[in-house]
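Input: a single structure, listed below in structure tokens.
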Amino acid sequence: MAFREYKVGARMFGFSLGTSMCITILFPSFDMRSAVSTEVALDKQLVAGWDAGWNLSDPLMTGANKPVKVLLKNDPKTGQPLEQPTSAYVYPPGAWMPNAVGHPNNLGAGVEGLSVNQGRIGEAKKEGGAVFVIKAAQGGQPAYIENATATKGWIPGDVLKSVPDEDVAHIGAGKTMFVREGCWWCHTLLPEQTQDWQVFGAPPMLGDFNGESPTAFGSDRKGPDLLHVGSRNASKEWMMLHFFNPRLVQPHSIMPRFDYLWGSVDANGQKIDYDKWRAEYTDYREGKNPTPPDVPVPAKNSEARALIDFILSLK
Amino acid sequence: MLKYLFAKNEDIPAGSAAIFFGFSSIVWFVIGTGLGSFNAAKLAFPDFVTGNEFFAFGHMRQVHVHAVIFGWISMAFAMAMMYITPALGNTRLWSEKLGMWNCFLWNVGLSLGLTLLWAGITSGREYSDFPWPIDLYIACFIAIPLATNVWMTVLTRRTQGIYTTNWFFTAATFMVIIVFVVGNTPEFFHLTGLTEAYMTWWFAHNVLGLWITPVAAAIAYYTIPKVTGNPLYSHRIGHLHFWSVVVFYSTPAAHHLMSAPLPEWLKSFASVEGVLILVPAIAFVSNIMLTMQGKWNMFVENLEVRFTVTGCLLAIPLNMQGGFQQTRAINWYVHGTGWIVAHAHLALLGFSTFLEGAAVYLGLQTLMKRKLYSLTLGNMHFWLLLIGFSIYWISMTIAGLIQGAGKIYEVPYIDVVIAEHPYMIARWIGGTMVFISNVLWLYNMWMTAREGTVVPVGRMPHEMAYER
């Protein structure tokens, strides 16, 4: 019995499905492999680290083992002022290295060679951590990644000690919050090629994603696109109010409250009394109070702070 | 049921695995639509239940999606396969025991995966949201055992040739394994960037095109001829349907990312192939409609036929939308709006759910040899489901058109949110009707098992009169 009478059919089936896989996976892979990292992609790859979705370095998705982005005004080794403030990406010991360290070919032709040979990214190791900077494009030479630990002797611990907290952005942990809290179910990170130009900014370019995972484009917009939200609204205070209760700043918003990301204590170490806050807020909504209750400032290591850092980094 | 997990294969009554799958699928449908209704309430009234991450929209949305796709739809498919494949081969299921274990591990794995998703443990990739260990579990303990059972049953059949339904079952169980394993390679091998984005939508498109759509259609190829007694109108049109699914439906993945910087040739190719999806769609609908010749009274009188034909009729707007909304000329207007949400529900809650519902009704009655407990509850299930779905679909389509207009006229986004508010309430009402209808269904099938009129050997349930 079996399939004897279906010999032709089985071969046709294999041929059709194989051809379809060639056209939809193999051929596009040639094009996608040729994408060369832009400066945007280098920044995205370095701020988010290995992966912002579920992975073995952060199995509970708490934002553990993620890099931070710092703004350096002085050289952390010599203490001398830098010519201009520089962004550095600090991977503390134990944080998983960005994709480019193990797989530099994802940077694309040109950037790969410069990052490996000039930037010495291959020397970065998870055990000791590393500090990366982006060398801007010059003349015909594209931007590339430099491992400042190897080239300048910048040590992660020293760098973190040399900058005040307001110059540290927990963007990598914040992107994990963005993925975990499902922000991307309602907000896209992909302005469209049509009228979105005017409202949400320019759509991304071909090389803007190399090394990013997940891209979290989103497909179902119930709120505005966020790819350039940090350019439209750079106010940390506004973001703080909006995340705690969106209806404080936008009465018609349907966004959920993310007050639970504040955790148990605020920036001053005071316990946050959510029940009291909600009762006072209800009174405000019902017109019994003229003003809403104050929103607590999130603690330095809170999840809310990381998420706000990530959102403000979307320039 | 669970005692059969450790029984000898010969000692397990024929149909046990299918019954286990059938009831599991209905329970997951109740859970999935209940979550859907809750989520819809949150979109209409954002402060409905608040302040707890486990009731936050962003934590629950994907649980709804995966409960209905992996729980309701796919388990109803497994039920249909374990019942229909042996029936068409004039044989028993190859291994009832494998089927029982398949169903048990399916429920366990899905509960685990959904719990993780609920806690926010996700890969961050739409439709392949499960972390990769769960993906491996699904491949090894859900997809491969199911395919093995279906394939071995077809190989050990006692009939000449293979009927249309079983072509689709064997091909789809094979293709879904390929789609699942290849589609999750970005997680297994940490592929990143545009490749990750594209493979996410390659998976999402193909799991619909090579699993949900063909298996749902295959079910109709069985239920309509079986219940009406008419032979299938044309096997050749069935061939056209089958081959055009394999050739055309496996290629348009890139049309989900028309705004992303993918290769332009790929987007154009995907768009053209997307229109060609109308070929299998028209072949399928016309074949079923023509099979109904002379038996249209059963569309009114028979519950299973009414479910199946309604599903087929919903395939017409589904494919008209699906074929054209992905072309560049239309996609720029509706992309990312509620229109797409409405379309997805037309595919899964309209077209596919109605076809599977018929298979579960027919299969459970036949295998348990019990006539449906209450026709009234069956009718209420049908009408609440259809009206609830229609309210949902129409309101979301309108909301999507408002969003599209807001997009091109550069309306501040908050004004779009305000304009959509009434439709969000309508969506919640429609979704709640669907949820209530499924609770009635679960009760009706449970009572059928306990108190339904016994169907004598050799008779079909629909040949019997209702006793109440």
Side-chain angles (χ1 to χ4, degrees), chain A residues 1-2 5-6 13 16-17 20 23-25 28-29 31-32 35 51-54 60-61 99 106 179-185 188 190 192-196 198-199 203-206 209-217 219-224 250 252-257 259-260 274 278, chain B residues 42-43 46 50-53 56-59 61-62 120-126 131 155 157 161-162 171 175 178 182 186 190 192-198 202 243 246-247 250-251 253-254 256-257 259-263 266 269 332 335-337 340-341 403 407-408 410 413-414 417-418 424:
Chain A
M1 197 56 68
E5 63 269 48
Y6 290 96
F13 180 77
S16 329
L17 204 62
S20 145
I23 298 175
T24 59
I25 296 181
S29 76
D31 281 331
M32 285 188 227
D51 199 306
W54 186 87
L60 297 175
M61 297 191 66
N99 300 294
N106 83 32
V179 171
R180 188 189 75 187
E181 295 302 320
C183 307
W184 50 292
W185 292 121
T188 49
L190 186 69
E192 292 179 22
Q193 306 276 351
T194 51
Q195 269 72 1
D196 277 355
Q198 284 88 350
V199 183
M205 311 286 271
L206 175 61
F209 310 104
N210 289 24
E212 191 187 8
S213 175
T215 41
F217 284 163
S219 64
D220 177 7
R221 226 182 240 175
K222 296 188 263 308
Q250 181 44 268
H252 298 289
S253 169
I254 59 167
M255 188 169 123
R257 303 182 195 183
D259 47 7
Y260 55 83
Y274 289 102
R278 287 182 194 133
Chain B
K42 294 193 70 99
L43 289 176
T50 191
N52 182 328
E53 63 181 307
F57 180 85
H59 280 256
R61 193 249 198 212
Q62 62 272 43
I121 309 295
T122 169
S123 66
R125 304 174 60 232
E126 191 167 358
L155 284 171
R157 72 191 183 277
I162 301 175
M175 290 191 290
I178 304 277
V182 176
H190 205 249
T192 56
L194 207 51
T195 312
E196 182 269 326
Y198 175 61
W202 186 90
W243 289 107
V246 175
V247 172
S250 61
T251 44
H256 294 262
L257 287 171
S259 308
L262 288 174
L266 182 63
F269 173 76
W332 69 280
H335 182 78
T337 69
I340 306 297
V341 182
Q403 263 179 294
K407 181 162 74 175
I408 67 160
E410 299 169 38
Y413 205 89
I414 194 65
V417 173
I418 294 168
M424 291 294 154

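So that the names make sense, note that chain A is the first sequence line, chain B the second, and so on, each numbered from 1.
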Which of [options] touches chain A most, by non-hydrogen pairs under 4.5 Å:
options	answer
L266(B), T195(B), L194(B)	L194(B)
K42(B), H59(B), Q403(B)	H59(B)
V247(B), V246(B), I414(B)	I414(B)

Where do [X] and [Y] come nearest, in terms of heavy atoms and distance?
X	Y	value
T215(A)	G193(B)	CG2-O, 3.5 Å
P204(A)	P261(B)	O-CG, 4.0 Å
T192(B)	G211(A)	OG1-CA, 3.3 Å
E126(B)	S219(A)	OE1-OG, 2.7 Å
W184(A)	R125(B)	CH2-N, 3.8 Å
P214(A)	G124(B)	CB-O, 3.5 Å

- Does T24(A) offer a backbone N or O that forms a donor-acceptor pair with the side chain of Y198(B) under 3.5 Å?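 Pair found, side chain donor or acceptor close to backbone of T24(A).
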- Distance-only, no hydrogens or angles: does the E53(B) side chain make a donor-acceptor pair with backbone N or O of Y260(A) under 3.5 Å?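 Checking the backbone N and O of Y260(A) against the side chain of E53(B), no donor-acceptor pair under 3.5 Å is found.
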Quick one: what part of [X] sits under 4.5 Å from any heavy atom of chain B, side chain, backbone, both or neither?
X	answer
E192(A)	both
D220(A)	both
T188(A)	neither
I254(A)	both

Side chain, backbone, both or neither: which part of [X] has an atom under 4.5 Å from a heavy atom of chain A?
X	answer
W332(B)	both
L43(B)	both
A253(B)	neither
A171(B)	both

Supply the atom-to-atom distance [X] [atom1] to [Y] [atom2], rounded to the nearest 0.5 angstrom.
X	Y	atom1	atom2	answer
H190(B)	D51(A)	NE2	CG	3.5 Å
R221(A)	K407(B)	CZ	NZ	6.0 Å
T251(B)	I25(A)	OG1	CD1	11.5 Å
D196(A)	I408(B)	CG	CD1	11.5 Å

Can you tell which of [options] has the highest number of heavy-atom pairs within less than 4.5 Å of chain B?
options	answer
S213(A), P224(A), G182(A)	P224(A)
N210(A), N106(A), I23(A), L60(A)	I23(A)
N99(A), D259(A), V199(A)	N99(A)

- Message: I'd like to check F217(A) versus H256(B) (side-chain heavy atoms, cut-off strictly below 4.5 Å). Are they in contact?
- Response: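 No, every pair of side-chain atoms sits at 4.5 Å or beyond.
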- Query: So do the side chains of M255(A) and P46(B) get within less than 4.5 Å of each other, counting heavy atoms only?
  - Reply: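 M255(A) does not reach P46(B) side chain to side chain.
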- Task: Determine, stepwise, if the pair F57(B) / K222(A) fulfils side chain to side chain contact (heavy atoms under 4.5 Å, CB included).
- Result: CA-CA 12 Å; F57(B) 180 85; K222(A) 296 188 263 308; 3.7 Å; yes
